[in-house]
*Asks:* 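Questions regarding the structure given below will be posed in turn.
Whatever order the structure lists ligands and atoms in, that order sets their numbers, starting from 1. Atom set for the values below is all heavy atoms of this structure, side chains included, hydrogens, waters and symmetry mates excluded. In this chain, residues are counted from 1 in sequence order.
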Amino acid sequence: MDSIEQQICSLREELHRFNYEYYVLSQPTISDYNFDQKLRLLHELEAQHPEYYDANSPTLRVGSDLTKNFVQVKHKYPMLSLSNTYSESEVLEFYNRVEKLLGSNDFETVCELKFDGTSISLTYENGVLKQAVTRGDGVQGDDVTSNVRTIRSIPLVLHGEDIPPLFEIRGEILMPWKVFDKLNEERAAQEEQLFANPRNAASGTLKLQDPKVVASRELDSYLYYMMGENLPCGEHCANLEKARSWGFKVSDAMKVCRSLDEVFAYLKYWDVERKNLPVATDGVVLKVNSLEQQEELGYTSKFPRWAIAYKFQAEKEWTKLKEVTYQVGRTGAITPVANLEPVQLSGSVVKRASLYNADAIEALDLHIGDTVSVEKGGEIIPKITEVDLDARPVGAERVFFIQTCPECGTPLVRDQGEAIFYCPNETGCPSQIKGRIEHFLTRKAMNIAAGGETVEHLYNAGLIRNIADLYELKWQEVMRLERWGEKSAKNLTESIEKSKEIAYERVIYALGIRYVGETVATKLAQAFPNIELLSSATTEGLMRVDEIGERIAQSVVSFFANEENCQLVERLKLAGLQFAAVETGISDRTNVLGGKSFVISGVFSLHSRDEYKAMIEQNGGKNVSSISAKTDFVLAGENMGPAKLEKAAKSGIPIIDEKRFLEMLEANNL
Ligand code: IVH
């Protein structure tokens with residue numbers, strides 16, 4: 001092995017270990033920054049030396065090749081599910097059945113959490129991940145290996161003793177609650193259909209065609225079942241402990257129970273404690289520990305006789321449906337909402353429940369006055385799961401999805417593919433107009449100090465009809481409105497004036513083009529550095545940009561094909577908004593900052609925090625996370641924490657704002 005190859009190998013090994021410590025053990029031993037530095041170095045070395053290519057390199061975790069279609073693979077061992085039980089007495093029955101079949105009560109039961117994600121079967125050959133297949137129909141599933149490779153807690157290469165040369169390990173792919181919430185927030189902002197629960201989000205993500213997007217969704221995993229011919233131990237639990245030692249994420253909640261009382265105590269404990277877990281669980285799985293006894297017990301036609309699932313009770317109540325109302329979003333998407341007789345459900349009063357879309361209403365065959373069951377299981381927004389047909393009042397009116405916009409009366413159109421109805425009256429529907437202006441003002445867009453109420457006021461007073469009107473507002477006019485004074489009116493127009501400094505990519509986001517969220521807006525700004533280039537881009541040209549597919553590309557093209565939108569952009573340009581990318585020097589490496597260390601704190605308006613971090617690194621500076629005697633500068637945005645401010649001031653560390661920082665880079669005047 002030459003020295004470059006050696007360096008590459010040892011970097012790979014190190015990074016695999018860091019990944020494991022971070023994602024499996026949750027005990028990182030390296031800072032994110034140093035990790036990224038090492039990863040970057042490995043990237044560079046690999047690019048210079050393609051002869052040392054390794055499909056399992058940590059650099060390939062982000063996913064690179066586009067998988068167009070999934071190949072169907074037959075499972076070596078069918079992927080069975082478990083028979084469900086819902087009460088202690090059913091668990092007792094299971095226990096008695098096992099005892100009877102084995103002819104003895106000399107057996108151990110392993111209790112595990114039942115993770116509520118999507119199941120996966122992983123095959124490892126000589127310690128290397130070879131294939132990842134979904135359950136499919138249990139007999140054959142989809143080969144999703146390239147997507148699974150992006151999941152950080154799944155080891156690509158195993159380390160340790162007694163690793164069988166060939167084995168399968170099964171488990172659950174999960175989307176942690178935090179990631180799920182963030183994803184749905186982003187989808188709501190884009191008026192895309194929300195995922196009902198983390199399970200759907202995880203399985204939807206695993207079936208995406210682009211592994212890079214999968215990587216960005218931060219999926220997690222728990223493994224719970226090892227299969228193969230040369231397993232290291234004769235007990236299920238011991239095998240999983242081995243698996244843990246090789247690098248798999250195996251839940252710490254796994255417990256060997258020697259009596260039924262211990263099992264019941266486990267069920268009771270986790271029914272409450274599971275609410276503090278970062279991922280969704282919907283029950284407990286009980287398994288006979290000894291593999292020999294498992295074999296003796298065998299299988300029915302559908303399930304193993306050596307295991308059952310005990311399902312936690314979903315929190316559920318019956319109540320009455322009063323009416324269904326419809327909300328019109330800024331892109332015209334119509335969301336149906338069930339208005340209910342208030343009902344107490346897991347600690348809060350529920351008055352409204354999501355109905356998702358027209359198909360959901362139809363599937364439930366909803367009628368006004370129906371008695372419906374509201375559930376708050378894995379879902380954040382309560383949902384209606386069932387209708388009590390016996391309790392339906394005579395002559396109850398069936399709920400049909402509206403056909404015209406509740407705000408402007410325009411006939412609705414249905415989006416192909418999705419079950420979403422839209423109001424097509426983009427420029428005339430008050431809800432959409434106000435919604436777009438509101439979006440334009442938000443912190444992540446133009447950061448103008450105003451919200452929905454202000455928009456409502458200004459709109460009702462006839463002062464604004466679109467986003468360009470904002471830049472023609474005079475404080476004297478605003479002041480004349482009821483409940484406004486000189487100060488508040490001036491604050492508003494000053495804030496609008498200040499928004500002219502907002503960077504190009506955020507202006508693109510602010511325009512509210514359907515499907516163009518923050519990330520897409522940044523990609524567009526990079527690929528089309530001014531609005532002329534962007535507005536004249538073709539679908540094909542747009543699709544050449546990383547992560548931009550046909551749906552987004554078409555939406556951008558149709559936005560700029562609309563004459564009214566072009567006029568708006570023209571007026572905004574005249575008003576002085578940023579419609580071209582500013583040279584930031586981000587890509588030019590310099591050593592202007594000469595090893596100085598920076599702490600970044602607060603919220604910025606000209607660039608994002610991450611951009612500033614990149615600028616510091618790429619100009620020879622260092623990012624540090626907390627203020628110490630060794631810190632050279634504090635780069636402070638708005639809302640910097642008072643404790644940090646005080647600490648910096650006390651230690652005499654210069655506090656600079658973003659403008660001063662950018663000057664530093666340009667003028668080399670440290
Ligand atoms: S063992 C033959 N253990 O629940 C037994 N399954 O309804 C294989 N699940 O298909 C499954 N957590 O998708 C097992 N700790 C756990 C589990 C678990 C979740 C899922 C899995 C399985 C389904 C059974």
*Asks:* Answer yes or no for Arg170: is there a heavy-atom contact with ligand 1 below 4.0 Å?
*Replies:*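 It does not, in that no heavy atom of Arg170 comes within the 4.0 Å cut-off of ligand 1.
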*Asks:* Measure up the Phe167 and Tyr124 rings against each other and bin them: parallel (under 30°), tilted (30 to 60°), perpendicular (over 60°).
*Replies:*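 Taking Tyr124 first and then Phe167, their aromatic rings lie parallel (interplane angle under 30°).
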*Asks:* Establish, from distance only, whether the side-chain atoms of Gln72 and Asp142 form a donor-acceptor pair under 3.5 Å.
*Replies:*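 Result is yes, a qualifying pair exists.
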*Asks:* So which heavy atom in the protein is nearest atom 22 (C) of ligand 1, and how far is it from that ligand atom?
*Replies:*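 Of the protein heavy atoms, Arg135 NH2, 3.6 Å lies nearest.
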*Asks:* Does Asn84, backbone or side chain, put an N or O under 3.5 Å from an N or O of ligand 1?
*Replies:*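 N/O-N/O distance below 3.5 Å does not exist for this pair.
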*Asks:* Write down the atom of Glu296, the atom of Leu101, and the distance for their closest heavy-atom approach.
*Replies:*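 Heavy atoms only, the tightest pair is OE2-O, 4.3 Å.
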*Asks:* Does an N or O anywhere in Val285 fall below 3.5 Å from an N or O of ligand 1?
*Replies:*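 Not met; the criterion fails.
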*Asks:* Lys287 near ligand 1, heavy-atom distance under 4.0 Å?
*Replies:*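 Contact present.
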*Asks:* For ligand 1, which atoms have a heavy atom of Leu82 less than 4.0 angstrom away?
*Replies:*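 Listed by number with element: 5 (C), 7 (O), 24 (C).
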*Asks:* So, using side chain to side chain donor-acceptor pair (under 3.5 Å) as the criterion, who are the partners of Glu125 when residues are at least two apart?
*Replies:*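 Here no residue qualifies.
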*Asks:* List in chain and number order the residues that pass side chain to side chain donor-acceptor pair (under 3.5 Å) with Glu108, two or more places apart in sequence or in another chain; answer none if no residue qualifies.
*Replies:*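 Arg258, Asn289.
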*Asks:* Compute the shortest N/O to N/O distance between Tyr225 and ligand 1 and return yes if it is under 3.5 Å, no if not.
*Replies:*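 No; the residue has no nitrogen or oxygen that sits under 3.5 Å from a nitrogen or oxygen of the ligand.
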*Asks:* For Tyr224 and ligand 1, does the shortest N/O to N/O distance drop below 3.5 Å?
*Replies:*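 Between Tyr224 and ligand 1, an N or O pair is found under 3.5 Å apart.
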*Asks:* Below the 3.5 angstrom mark, is there an N/O of Pro304, backbone or side chain, next to an N/O of ligand 1?
*Replies:*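 No, Pro304 has no N/O under 3.5 Å of an N/O on ligand 1.
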*Asks:* Does Leu113 come within less than 4.0 angstrom of ligand 1, counting non-hydrogen atoms of the residue?
*Replies:*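 Distance cut 4.0 Å: Leu113 passes for ligand 1.
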